[in-house]
Amino acid sequence: MNYWLVKSEPSVWSWEQQVAKGAKGEAWTGVRNHSAKLFMMQMKKGDRAFFYHSNEGKEIVGIVDIIREHYPDPTDKTGKFVCVDIKADKPLKTPVTLETLKHDKRFADMALIKLSRLSVQPVTTDEWKAICKMGGL
DNA sequence: GCCAACGTTGGC
DNA sequence: GCCAACGTTGGC
């Protein structure tokens, strides 16, 4: 199983909206970056991802499951990009903020910190476990 | 194929 | 609202 992190601006698509979709999940569309696309193409059904709120909040608020592997993004007219379907699993008891991660040496190499514009990114098993613990899970 | 100009993202 | 980082576009 692999771990990931996906970003969304809450004003565009929030964790609350994702939760409201329930087990049916929702297509994670609109990614228009090739690095992010490559990561999405590596996602397998059953992989898990952190759901991060960018701009407002700037914190990891929950965990989602990948429920459908990559397929062409229906919102992309060029047909070049892909999306996956995700469903909300559970929220972190305590959201983990970017601020917290930046001040912890263990996360100095995280893509979230080093490549702040990358909207879909891998998370190592160690990072995953540490963040879950910090989030109260 | 290089690179300047421009657009977008996201932290501050 | 600003700006740094980075991706994309288009002229040459």
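Every chain is numbered from 1 and lettered A, B, ... according to where its sequence line falls, protein lines coming before strand lines.
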Contacts of type ring pair (Phe, Tyr, Trp, His ring centres under 6.0 Å), residue Tyr52(A), not counting sequence neighbours: none

Residues which pass ring pair (Phe, Tyr, Trp, His ring centres under 6.0 Å) with Trp4(A), listed by chain and number, not counting sequence neighbours: none

Asn55(A) vs Lys114(A), nearer the 5' end of DNA chain C by closest nucleotide: Asn55(A)

Sidechain N-carboxylate O distance under 4.0 Å for Lys45(A), Glu69(A): no

Check: Gly136(A) main-chain N/O paired with Lys93(A) side-chain donor or acceptor under 3.5 Å: yes

Asp76(A) side chain to Phe81(A) backbone, donor-acceptor under 3.5 Å: yes

Sugar-phosphate, base or nothing in reach of Leu118(A), heavy atoms under 4.0 Å: nothing

Nucleotide range of DNA chain C lying under 4.0 Å from chain A heavy atoms: dA5(C) to dT8(C)

Where at least one partner belongs to residues 127-137 of chain A, residue pairs that pass side chain to side chain donor-acceptor pair (under 3.5 Å), sequence neighbours excluded: Thr124(A)-Glu127(A)

Neighbours of DNA chain B within residues 11-18 of chain A, by heavy-atom distance under 4.0 Å: none

Aromatic centroids of Trp13(A) and Phe51(A) separated by under 6.0 Å: no

Side-chain donor-acceptor contact under 3.5 Å, Arg117(A) with Ser35(A): no

For DNA chain C, the residues among residues 27-36 of chain A that have a non-hydrogen atom under 4.0 Å from it: Asn33(A), His34(A)

